[in-house]
Protein chains: 2
Amino acid sequence: MSAAVDTPPGQSRYGALAGALRSRIVGGDWPPGHALPAEQQLAAEHGVALGTMRRALELLAEQGLVERVHGRGTFVKQGLAGAPMLRFFRFGGSEGEAPRSRILARDVLAPPADVAQALAAPGPALRLKRLRSLGGQPVLYEESWLPLPLFQPLADGDTAGWGDLLYPLFAARCGVHVHRAVDTIGFVPLPAAAARALKLASGHPGARVQRRAHDLAGRCVECRTSLGDAHAFQYTVSIT
Amino acid sequence: MSAAVDTPPGQSRYGALAGALRSRIVGGDWPPGHALPAEQQLAAEHGVALGTMRRALELLAEQGLVERVHGRGTFVKQGLAGAPMLRFFRFGGSEGEAPRSRILARDVLAPPADVAQALAAPGPALRLKRLRSLGGQPVLYEESWLPLPLFQPLADGDTAGWGDLLYPLFAARCGVHVHRAVDTIGFVPLPAAAARALKLASGHPGARVQRRAHDLAGRCVECRTSLGDAHAFQYTVSIT
DNA sequence: AAGTGGTCTAGACCACATC
DNA sequence: ATGTGGTCTAGACCACTTG
């Protein structure tokens with residue numbers, strides 16, 4: 001297809017190559033989990049030295065768009081498997097146990113303004129309310145907003161077979177792969193509904209995690225608010 | 001000095017080189033802020049190709065041990081300049097203002113067990129209590145433990161000229177450069193002393209940040225606990 | 001102008017995974 | 001045995017910073 005790369009204006013050659021590959025990836029030329037052509041072949045196709053193409057691929061790997069496996073190949077990254085939401089909390093005793101999830105409600109309605117803006121989708125959206133438990137104890141109360149043409153498959157049908165994780169469900173039913181997420185941590189008194197579900201007093205100190213999840217192309221595909229007992233909250237961050 | 005590198009057992013050549021350079025850096029051959037020899041010279045000294053030495057230096061840069069500046073050279077990283085503690089909080093109005101710091105107390109006494117273990121220094125330590133303010137309003141109550149042979153210069157003399165940041169002080173008076181820090185976030189009711197200093201009610205919801213600061217060699221040089229109003233807490237983390 | 005790191009090349013060889 | 005990515009080399013040339 002592409003012969004030699006055009007003149008890179010303010011960019012390095014490998015930077016331009018990475019951009020070109022990026023476009024083909026988000027465009028769906030190589031779907032998540034699939035292998036890219038070999039370095040040799042890509043280098044030849046683009047009329048560039050092997051080392052230069054390697055630099056480009058390493059750049060994409062740093063950006064988390066691609067995964068390189070020695071001896072096997074270069075693969076488009078799968079979406080985030082599980083939602084590692086409980087990494088923010090430390091609940092006594094139930095270490096290593098698989099968290100369970102139960103759908104409390106599913107509605108289609110107009111989202112609040114900030115959510116609507118983030119989703120960049122006008123009109124109604126799908127709202128899910130979930131209760132997540134560890135060792136039988138409810139620990140997290142979650143509310144998710146999902147843009148609607150995209151998540152229509154989740155608006156109908158039974159929720160029984162959904163399992164405990166949302167992201168694999170998104171991938172299987174809607175072809176949505178969550179690639180990046182931004183969590184904002186805050187502190188709020190628990191609202192009544194959340195407190196009731198968590199078996200705590202209304203107004204009990206709550207830790208709130210607001211998540212914006214994005215797909216490969218950078219579009220916001222989920223707005224989530226998670227609430228848990230503030231006293232169980234613990235998170236470690238390393239700075240340099 | 002060193003000619004060719006010995007056989008790297010399970011490691012790559014550039015990995016071994018990076019390790020060797022790392023040792024010389026933490027050993028003080030090139031103090032923080034100083035330049036390393038040029039790539040060319042280092043490559044020649046170690047009997048290795050230029051590209052290989054570059055790989056090693058890039059590795060050190062990734063690890064934050066060194067900083068590379070195009071056209072100028074490769075420099076040993078300075079310690080963390082300011083203590084970016086307020087990045088965890090969002091206080092209304094006072095954006096961009098310089099935070100002020102006031103020493104409330106300075107004592108030499110035996111630290112609690114966990115601090116003693118972290119500092120790996122037996123015997124008494126230096127304890128500082130600080131109050132940090134923004135726009136005249138107290139916002140953070142802090143307690144720091146510092147190992148004592150090392151920080152003796154801070155145990156005596158006037159605290160008037162200390163300024164608002166501790167880390168530059170550590171560097172200037174004690175030759176301690178904080179290179180890495182690990183913060184653990186939690187929510188706790190404010191103890192009486194902290195609440196009083198922050199002009200809040202005792203038991204008011206508090207955000208607690210426990211910090212372990214380390215120098216270039218990896219030794220823990222500070223144990224700090226910071227307390228602030230939980231309602232002002234806000235932190236964003238991006239996951240991939 | 002001289003010295004530094006950044007980019008690119010063309011090739012050899014090694015280590016790992018798979019058939 | 002084949003194909004993949006990982007390491008290493010030796011050299012050319014470019015871009016940035018400083019005297």
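A note on names: the letters A, B, ... follow the listed sequences, proteins ahead of strands, and every chain is numbered from 1.
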Which part of the nucleic acid, if any, lies within contact of A:R54, taking any heavy atom under 4.0 Å across all strands shown: a base, the sugar-phosphate backbone alone, or nothing?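 Counting heavy atoms under 4.0 Å across all strands, the contact made by A:R54 includes a base.
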
Centroid distance below 5.5 Å plus an interplanar angle below 30 degrees: do A:H70 and C:dA15 meet both conditions?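 Ring-base stacking flag set for A:H70 and C:dA15.
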
B:R106 side chain to B:L154 main-chain N or O, any donor-acceptor pair under 3.5 Å?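 Here the side-chain-to-backbone pair exists.
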
Which is more 5' along DNA chain D, the nucleotide nearest A:G71 or the one nearest A:R68? Just name the residue.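 The answer here is A:G71.
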
Using the ring of each side chain (for Trp, its six-membered ring), is B:Y167 parallel, tilted or perpendicular to B:F170, with breaks at 30° and 60°?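 Rings of B:Y167 and B:F170: tilted, 30 to 60°.
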
Please state whether the rings of A:Y235 and A:F233 are parallel, tilted or perpendicular, taking 30° and 60° as the class boundaries.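 The rings of A:Y235 and A:F233 sit tilted, inter-plane angle from 30° to 60°.
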
Residue mapping more 5' on DNA chain C - nearest nucleotide basis, B:E58 or A:L50: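 Nearest-nucleotide comparison on DNA chain C picks B:E58.
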
DNA chain C: 5'-proximal contact among A:V69 and A:Y14 (nearest heavy atom):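 Closer to the 5' end of DNA chain C: A:Y14.
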
Value rounded to 0.5 Å, distance of OG1 in B:T236 from CZ in B:R87: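 Going from OG1 on B:T236 over to CZ on B:R87, the span is 11.5 Å.
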
Return the value, rounded to whole Å, for the distance between atom CZ of B:R55 and atom C1' of C:dC8.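 From B:R55 CZ to C:dC8 C1': 16 Å.
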
Round to the nearest Å and state the distance from A:Q11 atom CD to C:dC8 atom C1'.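 Those two atoms, CD and C1', are 15 Å apart.
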
Quick one: is D:dT7 close enough that its OP1 or OP2 comes under 4.0 Å of any side-chain N or O from B:T52?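 Answer is no, no contact under 4.0 Å.
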
